[in-house]
There are 2 protein chains.
Amino acid sequence: MAVKSNKTAEFPRPQVTVDVVILTLREGALQALLMKRGAAPFEGQWALPGGYIHPQEDQNLDAAARRILRDKAGIETPYLEQLQGFGDGKRDPRGWTATFAYFALVAAETLDPQHGANAEAVAWRNATEKQKLAFDHAEILATAVARLRSKVEYTTLPVHLLPPKFTLPDLQRVYEQILGRKMDKSAFRKRMAEADFVEPVPGEQRPASNRPAQIYRVKRGFKTIFFDRTI
Amino acid sequence: MAVKSNKTAEFPRPQVTVDVVILTLREGALQALLMKRGAAPFEGQWALPGGYIHPQEDQNLDAAARRILRDKAGIETPYLEQLQGFGDGKRDPRGWTATFAYFALVAAETLDPQHGANAEAVAWRNATEKQKLAFDHAEILATAVARLRSKVEYTTLPVHLLPPKFTLPDLQRVYEQILGRKMDKSAFRKRMAEADFVEPVPGEQRPASNRPAQIYRVKRGFKTIFFDRTI
DNA sequence: TTAATAGTGTCTCTAAGACACTATGAA
DNA sequence: TTCATAGTGTCTTAGAGACACTATTAA
């Protein structure tokens, strides 16, 4: 907040938007939901779902992000966290703009991008390989992937990429796919048990042509758990 | 970025600002630089230094934060990182506003708040006790302190609260003051040695009425180091 | 009985914490 | 010589990783 509020009022104020990186695990890869732009600038190019803040409708920034998630992708209650602000004079050819970028995690099984507003212009695209996107959205996407990878190392975030019921081998596979390396089963299960954020669903198992796996769910009141790091 | 760019143009766009939490360690406590507001709203109340983005002057958000740091507090090269965005319809009585909040760490010894623009309206205040500030600045300040505390647990951030030359006992005291607990000297020094981000200044020691301490400085090319945390 | 994956137990090794020890300068 | 703090060495213990083992189902 400026102490003197109108000193610079003669200059155009930057436009500000909210953009959301929606990540999921599909076909064994991390994918992001992108939309094809229908208007200039960057008409026809792929971009992150986003939009302006609606002051009469959005209570706060988080609410604006949730509205965008709902309107553009038909997603109601994903994991959502603020990623980072991006702003400069070059990202939009129309002038200085800024955006509050969010990132959301959803289970591929629980959603259908076709339910969004303009269905044909929505697609899942691989999130980890470099690609050209409108504005600075490639950079925002890369930042989101980096943030996820970093947090996966020491949090329970990956459960949000699974449906409500899952097995421990499922969960381990999610960690392994995001981090791109194998993990020891025994050590993994010890840490999950210690973190104490999932519980077996009594009597439910996943049948298979081998030993069936116990089905788990996230405990009630669960919040993301951070594992120990020491200074 | 909205696909349709002018659909909501009839509604007032939120004003957006950049605010900076400047933290230092003075008198054994974590303190924040605050400014007394000279105009409505919240005239006469204390607030974080901040201001509007100057599109012709600021290359990007970080540059805007650095300009505010320079103009309001006379600080040139502190540690600076983006904290979080805050925005809603209630924080400013004039309507929906949003801010990109930053936090900066500076060594108390290397700066004098009197060098800022309006000196008499600038003061260091304890950052950890609750206080009433203009807008939602108390919440922003609390968020910055929480972020610092959390990062201190597993990074080398605290060096930025010391002058360029310091001793290892100095550094340990910074960690202890922020975290509010004693640390084991031997373990602390082992970790600092392992992180390998400081080096002794050859031949320089801090004289005292006891064994003098070796003086250290941060290594060239140093970037914040994260200690291990495992999933 | 076999194949395949779920799930557990055990051993080793590293690293953190506790704590005792030595080092060094001023008074 | 004493005091105070700097700086190092050693022991114990907890936890991570490696890896071998057992369990359970369908075919």
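Quantities reported herein were computed from a predicted structural model and do not represent experimental measurements. All chains are named by letter (A, B, ...) in the order of the sequence lines, taking the proteins before the strands, and each is independently numbered beginning at 1.
- For A:Thr128, the side chain to side chain contact (heavy atoms under 4.5 Å, CB included) partners are A:Leu30, A:Asn126, A:Val145, A:Arg149, not counting sequence neighbours.
- Summarising the geometry, the separation between CZ on B:Arg211 and C1' on C:dA27 is reported as 18 Å, rounded to the nearest angstrom.
- Residues of residues 157-168 of chain B that place a heavy atom closer than 4.0 Å to DNA chain C do not occur.
- The existence of a salt bridge linking A:Glu199 and A:Lys219 is excluded, since no basic side-chain nitrogen approaches an acidic carboxylate oxygen closer than 4.0 Å.
- Among the nucleotides C:dT10, C:dG7, C:dG25, the one closest to any side-chain atom of A:Ala213 is C:dG7.
- Nearest-nucleotide mapping onto DNA chain D: of A:Pro207 and B:Arg173, the residue sitting toward the 5' end is B:Arg173.
- Salt bridge annotation for A:Arg173-A:Asp170: present, with a cationic side-chain nitrogen under 4.0 angstrom from a carboxylate oxygen.
- C:dA3 atom P lies 14 Å from atom CG of A:Asn210, rounded to whole Å.
- Remark on DNA chain D: of its neighbouring residues B:Pro169 and B:Ser209, the 5'-side contact belongs to B:Ser209, judged by nearest-heavy-atom nucleotide.
- Rounded to whole angstrom, the span from the CG atom of A:Asp184 across to the C1' atom of C:dT12 amounts to 14 Å.
- Atoms CD (A:Gln214) and C1' (C:dT8) sit 15 Å apart, rounded to a whole Å.
- Atom-to-atom, NZ of B:Lys190 to P of C:dG17 comes out at 9 Å; the value is rounded to the nearest Å.
- Between C:dG7 and A:Arg189, a contact under 4.0 Å exists linking OP1 or OP2 to a side-chain N or O.
- Taking A:Arg189 as the reference, A:Leu168, A:Pro169, A:Lys185 meet the side chain to side chain contact (heavy atoms under 4.5 Å, CB included) condition, with sequence neighbours excluded.
- Taking atom CD on A:Gln205 and atom P on C:dA4, their separation rounds to 21 Å, with Å as the unit.
- Side-chain atoms of A:Lys185 come within donor-acceptor range of the base of C:dG7, with a qualifying N/O pair under 3.5 Å.
- If you take CZ of A:Phe188 and P of C:dG9, they are 18 Å apart, rounded to a whole angstrom.
- Distance, B:Glu153 CD to C:dA16 P: 14 Å, rounded to whole Å.
- Looking at heavy atoms from C-beta onward, A:Arg217 lies out of side-chain contact with A:Pro164 at the 4.5 angstrom threshold.
- The shortest distance between the side-chain N/O atoms of B:Arg191 and the OP1/OP2 oxygens of C:dA15 is not below 4.0 Å.
- The closest side-chain heavy-atom distance from A:Leu157 to A:Arg147 is not below 4.5 Å.
- Taking 4.5 Å as the limit, some side-chain heavy atom of A:Phe222 sits within range of a side-chain heavy atom of A:Val159.
- For C:dG17, its base never sits under 3.5 Å from the side chain of B:Ser186 at any donor and acceptor pair.
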